[in-house]
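FYI, side chains are in, hydrogens and waters are out, and symmetry mates aren't considered; it's all heavy atoms of this structure. Computed from a prediction, not measured in an experiment: that's the story for all the values here. Along the sequence shown, residues are numbered consecutively beginning with 1.
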Amino acid sequence: MYFGHFAVAAALKAHKPDVPALPLFIGAGGIDIVNGLMIVGGADTVRGNLNTLPYLYFDLVFIDWDHSLLMAAVWSALFAWICKAFYKSGKIAWFAFLCSMLHWLADVPVHNADLALYPYSDIKFGWGWWAKYGEWSWGIEVAFMAVLLAYAWVKSKEQGISLTWPVLFLSFTAVNMSPWLSPMKHVATLPEPWAHLIHGFLVTVGYVIPPLILVWLYARQRKDVKWYRA
């Protein structure tokens, strides 16, 4: 899952408008930020495979250091600790942790039994929707995003906040990561080590730059506060 994670953050932001957007949107992809770095560093292993749908085009051979349940909790707790130190708020830290762990939970339906209980554990989670439904699983993620954004839209409208630009931007990311336009399809055809290095780089960048854009879009409507607190 990709753009669906940001929709979770948008729904949480609408539910708790006093929680800044930054820890929510960065938290929504925090585990994958680590994943990209682990791939580049060689701790995680991925392999290009054009048959791996809907838009990843890489087999996730070993991702235990960030996507096992234990390590997801560890990285989420570390992120929450950083947020508490920065914002001086236990509430913000809790929602940062929650949003980060919801990333793992949202991954369970789509991942192909590659989410370990802990590093090197034989116990794996993942319902395998990517493998079962192929390109249709992209449509399922779009529907998941649409439901969450509809909730966020209604709640935000009650608060006098327009989500027009965030919704348009997330719609763009959904189209960009469709089975037909995903940049990973081209990366998967590159020779090694470039394939996995570029893949890891794009994963990390993909969970840093779009969230910062979304945070900026939220901050544009809150000129009375600093952008990282909007």
Side-chain angles (χ1 to χ4, degrees), residues 1-40 55-56 66-67 72 75-87 89 91-107 110 141-142 144-146 148-149 151-153 155-156 161-178 182-184 199-222 225-230:
M1 187 168 286
Y2 177 57
F3 45 88
H5 293 310
F6 301 138
V8 171
L12 277 177
K13 174 61 177 171
H15 181 64
K16 290 293 181 180
D18 56 328
V19 176
L22 181 64
L24 295 178
F25 282 101
I26 292 294
I31 295 173
D32 268 328
I33 292 174
V34 177
N35 173 246
L37 296 174
M38 290 288 186
I39 291 171
V40 172
Y55 48 69
L56 192 61
D66 38 82
H67 275 69
W75 291 115
S76 298
L78 176 60
F79 179 64
W81 177 79
I82 293 172
C83 288
K84 185 174 183 179
F86 182 79
Y87 288 102
S89 169
K91 178 180 179 180
I92 293 175
W94 159 246
F95 276 96
F97 176 83
L98 176 63
C99 202
S100 184
M101 284 306 297
L102 285 175
H103 176 116
W104 189 89
L105 189 62
D107 273 352
V110 297
E141 186 174 348
V142 169
F144 176 74
M145 179 184 76
L148 291 175
L149 289 183
Y151 169 80
W153 182 283
K155 293 291 291 184
S156 297
I161 298 172
S162 172
L163 292 189
T164 299
W165 285 107
V167 168
L168 287 175
F169 180 74
L170 282 174
S171 299
F172 168 78
T173 65
V175 172
N176 184 58
M177 288 303 291
S178 68
S182 171
M184 293 301 186
H199 172 87
F201 172 78
L202 290 179
V203 168
T204 295
V205 169
Y207 280 98
V208 172
I209 295 180
L212 291 179
I213 293 174
L214 286 163
V215 170
W216 175 74
L217 290 173
Y218 274 84
R220 289 176 70 243
Q221 302 184 66
R222 293 291 307 278
V225 298
K226 294 182 178 179
W227 68 273
Y228 53 82
R229 293 188 177 275

Heavy-atom side-chain proximity of Phe169 to Pro210 below 4.5 angstrom:
yes
Heavy atoms, side chains only, cut-off 4.5 Å: are Leu24 and Val8 in contact?
no
Met145 vs Phe6 side-chain heavy atoms within contact, under 4.5 Å:
no
Residue pairs passing the side chain to side chain donor-acceptor pair (under 3.5 Å) test with at least one member in residues 7-23, sequence neighbours excluded, are His15-Tyr151, Asp18-Lys91
Between the side chain of Glu141 and the main-chain N/O of Gly4, is any donor-acceptor distance below 3.5 Å?
yes
Just verifying a value: how many Å separate Trp153 CH2 and Ile161 CD1, rounded to the nearest 0.5 Å?
12.5 Å
Find the distance between CE (Met184) and OH (Tyr2) and round it off to the nearest 0.5 Å.
9.0 Å
Tyr207 and His5 aromatic ring geometry - parallel, tilted or perpendicular at 30°/60° bounds:
tilted
Donor-acceptor under 3.5 Å (Thr173 side chain, Phe3 main chain):
no
May I have the step-by-step check of side chain to side chain contact (heavy atoms under 4.5 Å, CB included) for Phe86 and Leu22, ending in yes or no?
CA-CA 12 Å; Phe86 182 79; Leu22 181 64; 5.6 Å; no
Of all heavy-atom pairs between Pro23 and Tyr87, which one has the smallest distance, and what is that distance?
CD-OH, 3.4 Å
Beyond-backbone contact of Leu105 with Leu102, side-chain heavy atoms, under 4.5 angstrom
yes
With a 4.5 Å heavy-atom cut-off, do Tyr218 and Leu163 have their side chains touching?
yes
Please find the pair of heavy atoms, one from Cys83 and one from Ala96, that lie closest to each other, and give the distance.
SG-CB, 3.8 Å
Point-to-point distance, once rounded to the nearest 0.5 Å, from CD1 of Ile213 to CH2 of Trp165
12.5 Å
Test Asp66 against Leu37 for side chain to side chain contact (heavy atoms under 4.5 Å, CB included), laying out the working first.
CA-CA 10 Å; Asp66 38 82; Leu37 296 174; over 6 Å; no
SG/Cys99 to CD1/Ile26 distance, rounded to the nearest 0.5 angstrom?
10.5 Å
For Phe97 versus Ala77, what's the shortest heavy-atom pair and its separation?
CD1-N, 3.6 Å
Can you name the nearest heavy-atom pair linking Ser76 to Ala72, along with the distance?
OG-O, 2.6 Å
Rounded distance (nearest 0.5 Å) linking atom CZ of Phe25 with atom CG of Leu12
9.0 Å
Treating Ser100 as the side-chain partner and Ala28 as the backbone partner, does any N or O pair qualify as donor plus acceptor under 3.5 Å?
no
Just how far is it from atom CG of Asp32 to atom OG1 of Thr204, taken to the nearest 0.5 Å?
8.5 Å
Could you pull out the closest heavy-atom pair between Met38 and Trp75, with the gap in Å?
CE-CZ2, 3.8 Å
For the residue pair His67 and His103, establish whether any side-chain heavy-atom pair is separated by less than 4.5 Å.
yes
